[in-house]
K.L.:
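My questions will all concern the structure given below.
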Amino acid sequence: MPQKGGPVDLHCEDQGDTRLIRVAAPRIDAVIAIRFKDAMRLAMGDGPERIVLDLAEVEFIDSSGLGAIVAAMKLLGPDRRMDLAGLTPIVDKVFRLTRMDTVFSIYPDIGTALASGAA
Amino acid sequence: MPPGMGAGCTDPRGRLYSRLGARRGAAGRLRILLAEILNNTSEHAFAPEAGPAIEGRVTLTIRMEDGHLALRITDTGATMPGGCAPGRPAPMDLTGPDLPEGGFGWGLIHDLSCDIAYARAGPLNILTLCMPL
């Protein structure tokens, strides 16, 4: 599939030992999956140990988008981790059907995710 | 729902759902299902390595039946490998460090639908399946 369009819009903010990465896109699907993973690689960099991926603006995800999130998480290696926050209904459904909700810690929103950061 | 509409307003989608006898989330399930099926079509049936048919026609028909949607997807691309629709994939091992980064598509299709059947008729791939409402 041709990869069209510009970079995927990710907004980063560090709070203590956590890097918040907000996905400013309505969909993570087959069209942007590869660019999403590349953008995540840059956004995660060698920053804090913990990443919280804020998915509150993402209204739709498909299996390719899910694979890209898993791939990004695996880039972190064993000493860093990725948690998820703000899953909208369809995104939540895809995580539950594929049982990926058992792999990630998932929080209702970034506030809850940050409050649980000390765990 | 437009911003500013209060909780007292009747959600038009909710009204439509109850008229169709659909459960909450049916539209979302249909979107996931169609995304996976049509991605497979564009990536496999019309893949450059699948043959000369990198252009063609895809049709989608959705018929409302008793308690479910009957979906029929046809395309003029390459024949499905093995001549039948993939079955439900074996459960993935999600416990180790080497997590799967793909192979979720047919699992989702099987989770969300039933009576999946594939046939090749002349130049056409015909996939039929049902999504419970």
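A note on names: the letters A, B, ... follow the listed sequences, proteins ahead of strands, and every chain is numbered from 1.
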K.L.:
Please flag which part of A:R96 lies under 4.5 Å from any non-hydrogen atom of chain B: side chain, backbone, both or neither.
P.N.:
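Contact with chain B involves no heavy atom of A:R96 at all.
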
K.L.:
Are A:D9 and A:R22 within salt-bridge range, i.e. N to O under 4.0 Å?
P.N.:
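No, this pair does not count.
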
K.L.:
Chain B heavy atoms under 4.5 Å from A:T102: which part of the residue, side chain, backbone, both or neither?
P.N.:
side chain

K.L.:
For the residue pair A:E59 / A:T88, report whether a side-chain donor-acceptor contact shorter than 3.5 Å exists.
P.N.:
no

K.L.:
Under a 4.5 Å cutoff for heavy-atom pairs, which residue among A:I69, A:V70, A:D29, A:I61 has the most contacts with chain B?
P.N.:
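If we count pairs closer than 4.5 Å to chain B, A:V70 comes out on top.
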
K.L.:
For B:L94, which atoms come within 4.5 Å of any heavy atom of chain A: side chain, backbone, both, or neither?
P.N.:
both

K.L.:
Output every pair passing ring-ring contact (aromatic ring centres under 6.0 Å, His included) with a member in residues 85-104 of chain A, not counting sequence neighbours, ordered by first then second residue.
P.N.:
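Those involving residues 85-104 of chain A are A:F95-A:F104.
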
K.L.:
Would you say that A:I51 contacts A:T18 through its side chain, given a criterion of any heavy-atom pair below 4.5 Å between the two side chains?
P.N.:
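SC-SC contact between A:I51 and A:T18 ruled out.
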
